[in-house]
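Inspection log for the structure reproduced underneath, given as C-alpha cells.
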Amino acid sequence: MDHKRPPCQADSGFRNPLFFRAVAAWLRGCGLSRPGLPGLAFFLMIPSIVFWPVDMLLIRDEADRLVLRAVMPLGRTFETQYFHSVQLSPVEDLYHVRDGLVREWQGRVQAQGVGLPCVALSHGRFYVDPPWTVFEGEVMTLPEFALRVGTTVIGRNQLRLGNGEWTPLYPIFPGERLYVGTARQTLCARGEMVTRGNLDLR
C-alpha cells in the first residue's frame, strides 16, 4: 500500500519540526498556501534585515547627551555650514560615514584668505562652481570631531542631512561644542531621533 506524506510536509521539505511547521502555517495564513523553501527563506530574511548593523551618525553635547542619531546608508551624506569669522563668508563641508569613521570629502568656500584653503589636495581635485570654490578629496578621516557652534553674530552653524534643508544649530546650542561621531547599530534603532533640542530635520 502506497502511503503518501501530507502535502504540507512534502512541500516544505521538513518532516516534523514544530518551528518550521508553525512558520509554514503562518505563511499560509498570509496567503501563501504553498510556501515551500522560498517562502520560508523570505520569512527568515526579515529578522536578518531588521537586525543587520548599519552606520549611524551620532551627535552628542559636552555632557555626553545624545543630540541626534541618524541612519547613514551607503551614499548618504551630511553637511555643515558656518560663516568664517575673518572673511565673513560661508564655508560648507560635506561628510560621509563609512566603516566606523567620519570622512570629510568636500569643502566649499566663497573667499580665499586667512584660515581658508587656497591650493588643491595632492590626492583630490580643485574646481570653481560659482559662487563656490570647491576642494574635493578625502580631507579628514576621524572616528569623531568637535563642532563648535557659534551664535547669531559669529559662526551661525547649520546642519543638513542628505538633500534636506539646512537646520540652524546656533539658536539651540549657542556657544556650545558638539561631538560628531559614528557607531554601527541595527535598523531597529529609530532613523532620525533627537533627544535634546528641537532640530527640525526636514
Task: Set of side-chain contact (heavy atoms from CB on, under 4.5 Å) partners for D99, sequence neighbours left out - done: R103

- [ ] Find out whether Y179 and V67 are in side-chain contact, i.e. whether some heavy atom of one side chain is under 4.5 Å from a heavy atom of the other.
- [x] no

TODO: Report yes or no: does N157 contribute a side-chain atom to a donor-acceptor pair with the main-chain N or O of Y170 at less than 3.5 Å?
DONE: no

Task: Minimum-distance pair of heavy atoms, taken over all atoms of L57 and V97 - done: CD1-CG2, 4.5 Å

Which pairs of donor and acceptor atoms, one on a side chain in residues 141-149, lie under 3.5 Å apart (sequence neighbours left out)?
unit_1: T141; atom_1: OG1; unit_2: E138; atom_2: OE2; d: 3.0

- [ ] Treat each ILVMFWY residue as a node, draw an edge where side-chain heavy atoms are under 4.5 Å apart, and state whether I172 and L178 are in one component.
- [x] yes

Open item on the list: If the condition is side chain to side chain donor-acceptor pair (under 3.5 Å), which residues does D93 pass it with, not counting sequence neighbours?
Closed with: none

- [ ] Please identify each residue that fulfils side-chain contact (heavy atoms from CB on, under 4.5 Å) with R108, with sequence neighbours left out.
- [x] E79, E92, L94, Q106, W132, V134, R160

Open item on the list: Nearest 0.5 angstrom please: L58 CG to M72 CE, how far?
Closed with: 10.5 Å

- [ ] Begin from the C-alpha positions of V102 and F78 and carry the test side-chain contact (heavy atoms from CB on, under 4.5 Å) through to its verdict.
- [x] CA-CA 10 Å; V102 180; F78 73 95; 3.9 Å; yes

Task: Side-chain heavy atoms of T80 within contact of Q158, under 4.5 Å - done: no

TODO: Please report the shortest heavy-atom distance between L161 and L68, naming the atom on each side.
DONE: CD1-CD2, 4.5 Å

Open item on the list: Check whether R76 reaches the backbone of V71 with its side chain - one donor and one acceptor, N or O, closer than 3.5 Å.
Closed with: yes

TODO: Could you pull out all residues at least two apart from T133 that satisfy side chain to side chain donor-acceptor pair (under 3.5 Å)?
DONE: Q112

Task: R69 CZ to M56 CE distance, which is reported to the nearest 0.5 Å - done: 6.0 Å

Task: Residues in side chain to side chain donor-acceptor pair (under 3.5 Å) contact with R98, at least two apart in sequence or another chain - done: none

TODO: Please answer: with hydrophobic residues joined when any side-chain heavy atoms are less than 4.5 Å apart, are V180 and L101 in the same cluster?
DONE: no

Task: Ring-face cation of R156 near F83 (centre distance under 6.0 Å, axis angle within 45°) - done: yes

Open item on the list: Measuring from atom CZ of F126 to atom CZ of F135, what distance do you get when rounded to the nearest 0.5 angstrom?
Closed with: 5.0 Å

- [ ] First locate atom OH of Y95, then atom OG1 of T77, and finally report the distance between them rounded to the nearest 0.5 Å.
- [x] 12.0 Å

